[in-house]
Amino acid sequence: MSKVLIIDDEEKIRTLLSKIITLEGFDVLQAGDIQSGLKKLETADVDVVICDVKLPDGSGVEAIKNIKEKYPSVEIILLTAYGNISDGVQAMKNGAFDYITKGDDNNKIIPLLYKATEKVTLAKRLMQLEKQLGNKYSFDNIIGKSKTLGASIDAAKKVADSETTVLLTGETGTGKEVFAQAIHNASNRSKQNFVAINCSAFSKELLENELFGHKAGAFTGALKDSKGIFEEANNGTIFLDEIGEMPLDLQAKLLRVLETGEFLKVGDSKSTRVNVRIVAATNRNLQQEVEAGNFREDLFYRIAIFQIALPPLRERIVDIEELAALFLRTFTSKTNKKISVISKGYLEALKQHSWKGNIRELKNVIERSVILTDSTELTESSLPAELQPFNSVGTREKTLSAFDLASAEKIHIQKVLNYTGGNKTETAKLLNIALTTLYRKMDEYQIK
């Protein structure tokens, strides 16, 4: 139920308005002056204020400004006895939703209230979504308690609220975009756009167009002007992933943006000016790329003002269990499976793996395991072959699916061995294979 606060020193008007508004299903509070009204606002979740212009302790027009500063989501309808135009204009400038004349405009109050409460509801939903989005991309949501990861997070937090260009380095799959989003979210640009682009995903021509846009007629098919991501991210943050893959001539254009805040669209002769912060990322050693002539030295020093190295997963083994649990919850939710336990053997196999693909690879392994598992527990049997644990003779245990052809062969051999009482010569004859083949298959399938 929406709450409405009426601030008016005339008790009869307050009572009348209160009855009318209550009949419409609103919860109504009353105050006889500005100070009493402000106290009500402190204790109640008010959506709309109906305020008189002339009050014993001040002007309702000025009160609007104070209320909006403290409670920006509250909408205010101003009541005036004489329909003073200057008061109305000033009230709107101070943030009033609307103003009406007492007596003459009584029939407008309820429609205005509905419009005002609708606006408040939408504003609250937007604030909630922004909060959820902020939480999703906050540093608190980066999973892991390892010291190496903690050092990277601390460095990112320190640079987040500055305007400094940041270079994130690390292997593929270490979470560079997650860090970039967290830096943006913790900066004073968080209300503006965060735009990401992978520089390795486009050819030179397409990448230039994606970055800077084009003018109509710049090339065949360019029927109208098009914005690039620099314009889309104006006043916000651009994340340039795999910047080491950017062609040299585009590196020069990027350097110009960093130095002047200006760039030329494809086919344009007039510069476009933007204000963006750049967070770049690479899995290459850019200093070596500079020495090899693949990356501009001047651009390197511009983007590498503040470098943050993200640790590979093999250097943060203590985080694997928490990450695996997170991914398990994610994929069981998607597949509606009731898998709630990760076996010790499964976790140990994860911890022994080298993780060349890092967090991304771990995520893929968990997803695959969830798909293959029919029980309520993840075990070694659902791991990919390269993660299968070693047996006593140094070879990987081969766990076979019930639907696998080799699994059926293993089961059949075991049944015949049981039938012959373990007589391998007789078993080989019954299976119509050579004795050496039987020994090889017994060794392959770990049949004892």
Side-chain angles (χ1 to χ4, degrees), residues 148 151-152 155-156 158-160 162-184 187 189 194-214 228-234 236-266 271-312 315 356-360:
T148 51
S152 300
K158 288 176 182 176
V159 77
S162 72
E163 291 295 302
T164 304
T165 301
V166 179
L167 177 63
L168 303 172
T169 62
E171 297 175 9
T172 297
T174 48
K176 294 188 282 292
E177 185 167 351
V178 173
F179 262 76
Q181 288 176 321
I183 290 169
H184 169 75
S187 74
R189 296 174 181 260
F194 173 88
V195 185
I197 187 169
N198 189 323
C199 298
S200 66
F202 300 91
S203 65
K204 172 189 164 299
E205 292 75 16
L206 284 176
L207 180 58
E208 182 177 8
N209 188 53
E210 288 292 318
L211 292 172
F212 305 119
H214 64 257
I229 66 167
F230 271 94
E231 276 190 282
E232 295 290 347
N234 192 24
T237 304
I238 284 182
F239 175 54
L240 298 175
D241 198 9
E242 302 304 346
I243 194 171
E245 308 289 337
M246 183 179 285
L248 279 167
D249 50 351
L250 283 186
Q251 291 177 29
K253 292 190 175 185
L254 176 59
L255 180 62
R256 185 188 177 198
V257 181
L258 284 166
E259 291 179 339
T260 67
E262 295 181 349
F263 64 88
L264 284 174
K265 291 184 177 184
V266 178
S271 294
T272 300
R273 190 164 187 81
V274 290
N275 175 7
V276 297
R277 182 189 193 179
I278 291 178
V279 178
T282 183
N283 59 9
R284 293 188 177 194
N285 185 323
L286 288 188
Q287 285 181 311
Q288 291 180 0
E289 294 297 311
V290 169
E291 292 169 6
N294 298 325
F295 202 84
R296 291 180 64 107
E297 186 175 21
D298 46 7
L299 177 59
F300 171 70
Y301 288 118
R302 284 301 303 247
I303 65 170
I305 296 171
F306 197 98
Q307 292 190 54
I308 302 173
L310 304 191
E315 292 180 9
K356 293 180 181 178
N358 293 289
I359 299 169
R360 189 178 295 127

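We use all heavy atoms of the structure for the numbers below, so side chains are in, but hydrogens, waters and symmetry mates are not. All residue numbers in this chain count up from 1 along the given sequence. Note that the structure is predicted; figures quoted are calculated from it, not measured.
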Could you pull out the closest heavy-atom pair between Ile308 and Ile183, with the gap in Å? CD1-CD1, 4.5 Å
If you count every heavy atom of other residues, nucleotides or ligands that lies below 6.0 Å from Lys204 atom NZ, does the total exceed 12? yes
With a 4.5 Å limit on heavy-atom distance, are the side chains of Ile197 and Asp241 in contact? no
Roughly how far, to the nearest 0.5 Å, is the CG atom of Leu167 from the CG atom of Leu240? 10.5 Å
For Val276 and Ala233, the nearest pair of non-hydrogen atoms, with its separation, is CG1-O, 3.4 Å
Would you tabulate the side-chain donor-acceptor contacts of residues 292-301 under 3.5 Å, counting partners in other chains and residues two or more places apart, or write 'none'?
from   : atom 1 : to     : atom 2 : distance (Å)
Asn294 : ND2    : Glu289 : OE1    : 3.2
Arg296 : NE     : Asp298 : OD1    : 3.0
Arg296 : NH2    : Asp298 : OD2    : 2.8

Hey, does Thr169 have a side-chain heavy atom less than 4.5 Å from the side chain of Leu286? no
Reported NZ-to-CZ distance for the pair Lys176 and Phe239, which is rounded to 0.5 angstrom: 7.0 Å
Are Leu255 and Arg302 close enough, and set up right, to give a side-chain contact (heavy atoms from CB on, under 4.5 Å), and what steps lead you there? CA-CA 8 Å; Leu255 180 62; Arg302 284 301 303 247; 3.6 Å; yes
Distance from Leu211 atom CG to Leu250 atom CG, nearest 0.5 Å? 6.5 Å
Measuring only between side-chain heavy atoms, which start at C-beta, is Ile359 closer than 4.5 Å to Val178? no
Could you give the distance from CE (Met246) to OG1 (Thr282), rounded to the nearest 0.5 Å? 11.0 Å
Got a salt bridge between Glu245 and Arg284, using NZ or NE/NH1/NH2 to carboxylate O under 4.0 Å? yes
Side-chain heavy atoms of Lys265 within contact of Thr272, under 4.5 Å: yes
What's the shortest heavy-atom distance between Leu207 and Pro247, and which atoms? CD2-CD, 4.1 Å
Any side-chain heavy-atom pair of Phe212 and Val257 under 4.5 Å: yes
Step by step, would you call Asn275 with Arg189 a side-chain contact (heavy atoms from CB on, under 4.5 Å)? CA-CA 11 Å; Asn275 175 7; Arg189 296 174 181 260; 2.8 Å; yes
Locate the shortest heavy-atom distance separating Ala160 from Arg277; write the atom from each residue and the value. O-NH1, 2.7 Å
Parallel, tilted or perpendicular for Phe263 and Phe230, by the 30°/60° rule? tilted
Can you list every pair that meets side chain to side chain donor-acceptor pair (under 3.5 Å) and has a residue in residues 253-263, with sequence neighbours left out? Glu208-Lys253, Arg256-Ser271, Glu262-Arg273
Indicate yes or no for a side-chain donor-acceptor contact from Ser152 to the backbone of Ala309 under 3.5 Å, with no hydrogens or angles considered. yes
With heavy-atom distances below 4.5 Å as the criterion, would you say the side chains of Asn358 and Leu310 are in contact? no
Looking only at heavy atoms, which two atoms of Ile243 and Ala280 are closest? And how far apart? CD1-CB, 3.9 Å
As an exercise, state the distance from OG1 of Thr164 to CD1 of Ile305, rounded to the nearest 0.5 Å. 6.0 Å
